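We number each residue from 1, following the sequence as shown. Computed from a prediction, not measured in an experiment: that's the story for all the values here. Order of listing sets the numbers, starting from 1, for every ligand and every atom in it. Hydrogens, waters and symmetry mates play no part in the numbers below; they use all other heavy atoms, side chains included.
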Amino acid sequence: MTYYISIANQKGGVAKTTSVISLGSCLAKSGKKVLLVDLDAQANLTMALGINPLKTHQSIASVFLGMESINRVLRHSNIPGLDILPSNTEMEMSERFLPIRKDYENILRNAFMHSALNGSNPYDYVLFDCPPSMGAVTTNALQASQMLIIPTQAEYFSLLALRNMLGLVRRIREQGNPNLIYRILLTMFDMRNRVHRNLREQLETTFHEGLFHNVIGVDTKLRESSLVGLPITDYQPTTRAALQYQALAKEVNQHVHEYVAELV
Ligand SMILES: Nc1ncnc2c1ncn2[C@@H]1O[C@H](COP(=O)(O)OP(=O)(O)OP(=O)(O)O)[C@@H](O)[C@H]1O
Ligand SMILES: [Mg+2]
């Protein structure tokens, strides 16, 4: 069974893309088959895997525009078990023209449902890297997902964005994906910062299991790794953030294990 996860937050620069590539690569290294999907016209995820979006003619935008199948857009990365559907600037056009299409909020879900990926060796995980907005593309990702991960910094403005994201979750649940669950992931967390510690406590009291136990601390090695086009697990496997994303991957695997056990 494939488990679909969206990583989204309307707030920019909160480590959505970093979390997709780091978590994806940790899951791949734990033996899972993982597909990353770059849904952002900025194509940061595509570049972070060493692919040049300017030389990418077949992108996820072609799938949204109904011109290509997922299989023909798919690319292997240099990391075993980790594949990607790359993005390029055509995604801007997709976002703009999507709403004029019939049932436009389910285009991604339908494309995956009808793809040849569901054959004999399906992906264990598909991770969607969403753009920093709550538009048609993010809605498509949420409609296609079982889980939403909301990366959040421990700051006041992040909490306002969080409230909006939870409003979106409610709308998606009402609108055709009633079982969508969410998990908040604290990123760029500084344990020595009292405001950060207080905010974490506040989130724990408010959200309970809606907050991942694992948090991701500040680690400049993450910045360097995206510049060299490698996931942190391959650039600096023993740095703090690599270990924290590994622990997060275990937490996600554990959840999915329990989820699948409930289904059978
Ligand atoms: N734990 C961390 N410690 C230090 N820097 C980090 C950490 N996580 C991410 N960063 C850096 O913060 C910046 C923003 O991260 P990223 O691009 O993943 O955010 P994003 O939410 O995807 O942004 P956007 O909204 O533009 O898509 C990047 O330079 C990244 O390397
Ligand atoms: Mg991003």
Visitor: For the residue pair Leu74 and Leu85, establish whether any side-chain heavy-atom pair is separated by less than 4.5 Å.
Guide: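 Answer yes - side chains close enough.
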Visitor: Would you say the side-chain atoms of Lys16 pair up with the backbone N or O of Lys11, donor to acceptor, closer than 3.5 Å?
Guide: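 Answer holds: yes.
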Visitor: Going by the rule side chain to side chain donor-acceptor pair (under 3.5 Å), which residues pair with Glu95 if we only count those two or more places apart in sequence or in a different chain?
Guide: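 Result, side chain to side chain donor-acceptor pair (under 3.5 Å) vs Glu95: none returned.
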Visitor: Where do Ile149 and Ser19 land on the side-chain contact (heavy atoms from CB on, under 4.5 Å) test, with the steps shown first?
Guide: CA-CA 9 Å; Ile149 295 180; Ser19 298; 5.9 Å; no
Visitor: Who clusters with Leu227? Use side-chain heavy atoms, under 4.5 angstrom, across I, L, V, M, F, W and Y, and order the result by chain and number.
Guide: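 Direct or chained contacts put Leu227 with none.
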Visitor: Any chance you could lay out the salt bridge (charged side-chain N to carboxylate O under 4.0 Å, His left out) test for Arg170 and Glu174, step after step, and finish with the verdict?
Guide: CA-CA 6 Å; Arg170 269 194 296 278; Glu174 285 163 13; 6.0 Å; no
Visitor: With the threshold set at 4.0 Å, does a side-chain nitrogen-carboxylate oxygen contact exist between Arg197 and Glu201?
Guide: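 Salt bridge: no.
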Visitor: Tell me, which residues have any heavy atom less than 4.0 Å from some atom of ligand 1?
Guide: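 Ligand 1 pocket, heavy atoms under 4.0 Å: Gly12, Gly13, Val14, Ala15, Lys16, Thr17, Thr18, Asp40, Gln42, Pro132, Met188, Ile216, Gly217, Val218, Asp219, Leu222, Arg223.
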Visitor: Is the backbone of Thr152 close enough, under 3.5 Å, to the side chain of Asn9 for a donor and an acceptor to pair up by distance?
Guide: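 It does not hold such a pair.
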Visitor: Quick one: how many protein N/O/S atoms are under 2.8 Å away from the Mg ion (ligand 2)?
Guide: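 There are 1 of them.
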Visitor: Is the Phe128 to Phe112 ring centre distance short of 6.0 Å?
Guide: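 Ring-ring flag for Phe128/Phe112: true, centres closer than 6.0 Å.
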